[in-house]
Protein chains: 2
Amino acid sequence: MDSQKSSAGASKTAKITKTPSRGRGVQRVSALLDAASAVFAETGYEAATTTEIARRAKASIGSLYQFFPTKEHLAAALHARHLESLAAVFDSLAAEAQGAANEQGAASDGIIDELFQRLLVYLEANPAFLVLGERRSLDPAVKKQARARLRGGIAGLLQTIEPPVPRERIAPLAALILHLIRMAAMLRADDDLTIRDPAVAELREMLRRHLAATQVKA
Amino acid sequence: MDSQKSSAGASKTAKITKTPSRGRGVQRVSALLDAASAVFAETGYEAATTTEIARRAKASIGSLYQFFPTKEHLAAALHARHLESLAAVFDSLAAEAQGAANEQGAASDGIIDELFQRLLVYLEANPAFLVLGERRSLDPAVKKQARARLRGGIAGLLQTIEPPVPRERIAPLAALILHLIRMAAMLRADDDLTIRDPAVAELREMLRRHLAATQVKA
DNA sequence: CGTTAATATGAGACAATCCTCACATTTGTG
DNA sequence: CACAAATGTGAGGATTGTCTCATATTAACG
């Protein structure tokens with residue numbers, strides 16, 4: 001919900017975004033973010049126009065700039081919002097893994113399959129997230145932080161599976177899996193119907209095999 | 001070298017690009033393409049300006065527009081040029097595989113490793129290719145054709161390895177490998193130093209394992 | 001009901017960029 | 001050398017897009 005980087009300083013033109021304090025404002029912001037998500041997904045970051053976003057949110061441009069002093073701020077807020085949603089996915093998945101562990105004594109490695117599935121669904125439903133995560137204007141520090149957060153979530157899940165994965169492989173594996181999921185999403189969005197489903201199947205099988213081989217069976 | 005789509009019709013504003021007929025023009029075109037490659041790689045397609053490209057090529061904007069009637073035409077020509085180079089890589093690799101087959105009786109599956117390596121090197125040396133292949137304005141038909149060409153190259157190599165890969169797995173595998181290589185390139189460009197090399201290693205090991213398991217040992 | 005802070009509006013200032021055009025220069029050719 | 005075709009030039013037309021601002025509307029609260 002926090003629309004701007006008020007805490008992590010170094011904002012050159014310390015332009016203060018007005019956070020809505022009344023119900024109407026909150027709704028507007030939400031509608032603007034929704035519209036932005038759609039437009040960014042359709043046209044990409046650069047080609048997206050603030051005018052079009054405002055139009056779709058049934059707001060005037062002035063209204064948009066009341067809450068988001070810059071197109072870039074709008075993108076940042078939307079990106080942050082998506083990250084929150086993804087964090088929720090990780091949390092629920094971790095809870096499931098925990099539950100399974102308590103019942104059976106150990107979490108299944110199927111949790112990774114489940115993760116793969118859910119993230120894929122999320123990314124297909126919210127293509128703007130990938131667009132925003134790859135846009136040129138994204139502050140490298142923010143990008144790094146976002147990646148670290150996602151990798152951390154995956155690493156957390158990797159730690160729970162049984163038989164275990166060697167400690168030192170967890171970090172690179174998490175990075176790999178994150179990229180694989182993004183790749184699967186791109187693959188589904190881009191490619192030919194006849195090729196994309198078999199290719200995604202091949203990808204998942206490859207990952208399962210690799211994971212199984214990496215777990216220490218001893 | 002063919003700068004425009006003179007053959008495969010359906011060009012709406014059938015604007016005819018002037019192909020250089022004198023040596024000076026050929027050099028200009030080459031310099032412009034080089035400059036474009038650099039600028040596109042640095043800033044992405046949309047943020048790249050024709051003015052900057054002309055400046056780097058030490059040409060005037062007028063000169064640029066003499067040979068490329070549109071920024072988009074320039075991008076298309078550059079994309080085509082990169083595709084040619086990549087085709088050359090595939091050819092040389094196929095020749096090697098053929099040579100190895102004649103000497104030892106069967107091509108090694110190490111040829112895929114070699115492919116991976118060479119494409120990775122090419123993509124790192126020519127980041128503009130990825131930029132152009134993913135730009136929003138890229139004609140879907142052209143994109144499809146480019147992908148098919150690359151997949152075809154990989155499929156050709158897959159067919160030569162011994163023990164063989166089942167026929168019906170070749171196409172999806174080729175698609176998968178193509179995406180994996182792109183992913184590896186992005187991974188190297190994007191990620192943290194401490195994570196990227198282990199992650200790429202993990203990726204290559206995963207692919208090797210998957211390939212080995214897919215080959216019919218019988 | 002009256003005051004005031006929040007929210008809404010859209011014309012247009014300002015800047016950036018693609019591309020054109022009228023004209024200049026170079027170079028191959030008879 | 002004379003001529004024509006190819007190539008070179010850069011000011012500026014035309015368009016587009018971000019963001020500002022003066023002003024209008026809404027709604028919470030005593």
Side-chain angles (χ1 to χ4, degrees), chain A residues 1 3-4 11-33 35-36 39-40 42-78 135-137, chain B residues 1 3-4 11-33 35-36 39-40 42-78 135-137:
Chain A
M1 301 286 172
S3 315
Q4 63 282 14
S11 49
K12 297 181 179 181
T13 319
K15 218 169 190 176
I16 291 154
T17 304
K18 200 166 297 181
T19 299
S21 62
R22 309 253 251 250
R24 200 169 27 138
V26 175
Q27 295 241 148
R28 263 276 127 96
V29 166
S30 179
L32 285 167
L33 288 174
V39 175
F40 284 144
E42 283 168 29
T43 70
Y45 174 75
E46 318 222 41
T49 72
T50 50
T51 310
E52 171 65 13
I53 291 171
R55 207 169 58 73
R56 290 223 204 164
K58 291 172 205 281
S60 63
I61 335 115
S63 228
L64 186 157
Y65 280 96
Q66 180 122 41
F67 297 109
F68 304 102
T70 281
K71 183 182 172 184
E72 180 58 33
H73 277 74
L74 176 53
L78 182 57
R135 94 200 111 118
R136 244 45 201 208
S137 60
Chain B
M1 301 284 170
S3 314
Q4 62 282 15
S11 48
K12 296 180 180 180
T13 320
K15 219 170 191 177
I16 292 154
T17 304
K18 201 166 297 180
T19 298
S21 62
R22 310 254 252 249
R24 199 167 29 136
V26 174
Q27 295 242 147
R28 263 278 129 95
V29 166
S30 179
L32 285 166
L33 288 174
V39 176
F40 284 142
E42 282 168 29
T43 70
Y45 174 74
E46 319 222 39
T49 72
T50 50
T51 310
E52 172 64 13
I53 292 171
R55 206 170 59 73
R56 290 223 204 163
K58 290 172 207 279
S60 63
I61 335 114
S63 228
L64 187 157
Y65 280 95
Q66 178 123 38
F67 297 109
F68 304 102
T70 281
K71 184 183 171 184
E72 180 58 33
H73 277 74
L74 175 54
L78 182 57
R135 93 200 111 118
R136 254 28 211 214
S137 60

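A note on names: the letters A, B, ... follow the listed sequences, proteins ahead of strands, and every chain is numbered from 1. Treat the numbers as computed from the prediction; the structure is a model and nothing was measured. Any value given below was found using the heavy atoms of this structure, including those in side chains, with hydrogens, waters and symmetry copies removed.
Closest contact between the side chain of Lys71(B) and the listed nucleotides dA8(C), dT9(D), dC19(C) involves dC19(C). When the nucleotides dC18(C), dT7(C), dG8(D) are ranked by their closest atom to the side chain of Thr49(B), dC18(C) comes out on top. Closest to the side chain of Arg28(A), out of dA8(C), dT7(C), dG8(D), is dA8(C).
Formation of a donor-acceptor pair under 3.5 Å by the Thr43(B) side chain with backbone atoms of Val39(B) is found in this model. In this structure, the side chain of Thr49(B) engages the main chain of Glu52(B) through a donor-acceptor pair within 3.5 Å. No side-chain donor-acceptor contact under 3.5 Å links Lys58(A) to the backbone of Ala31(A).
Across the protein-nucleic acid pair, Ile53(B) atom CD1 and dC18(C) atom P stand 8 Å apart, rounded to whole Å. Computed from coordinates, the Tyr65(B) OH to dG8(D) P distance equals 16 Å when rounded to whole Å. Atoms CG (Leu32(B)) and P (dT9(D)) sit 10 Å apart, rounded to a whole Å. The CZ atom of Phe67(A) sits 17 Å away from the P atom of dC19(D) (whole-angstrom rounding). A straight line from CD of Glu46(B) to C1' of dA16(C) spans 14 Å, rounded to a whole angstrom. If you take CG of Leu74(A) and P of dC19(D), they are 10 Å apart, rounded to a whole angstrom. Look at CD on Gln66(A): it is 14 Å from C1' on dG10(C), rounded to the nearest Å. The nearest whole Å value for the distance from the OH atom in Tyr45(B) to the P atom in dT17(C) is 14 Å.
The side chain of Thr70(A) contributes an N or O atom lying less than 4.0 Å from OP1 or OP2 of dC19(D). An OP1 or OP2 oxygen of dA6(D) is reached within less than 4.0 angstrom by no side-chain nitrogen or oxygen of Arg24(B). OP1 or OP2 of dG17(D) has not a single side-chain nitrogen or oxygen of Thr51(A) nearer than 4.0 Å.
Between Ile61(A) and Leu64(B), the one whose closest nucleotide on DNA chain D sits nearer the 5' end is Leu64(B). Judged by closest nucleotide on DNA chain D, Val26(B) is the one of Val26(B) and Gly62(B) placed further toward the 5' end.
Counting non-hydrogen atoms under 4.0 angstrom, Ala47(B) reaches nothing in the nucleic acid. Thr50(B) comes within contact range of the sugar-phosphate backbone alone, with a heavy-atom separation under 4.0 Å but no base atom that close. Residue contacts shown for Ala48(A) are limited to sugar-phosphate atoms, with no base heavy atom under 4.0 Å away.
The base of dT27(C) sits with one of its N or O atoms less than 3.5 Å from a complementary donor or acceptor on the side chain of Arg22(B).
Rounding to the nearest 0.5 Å places CG of Leu78(A) at 5.5 Å from CG of Leu33(A).
Between the side chains of Tyr65(B) and Thr50(B), a donor-acceptor pair is found at a separation under 3.5 Å.
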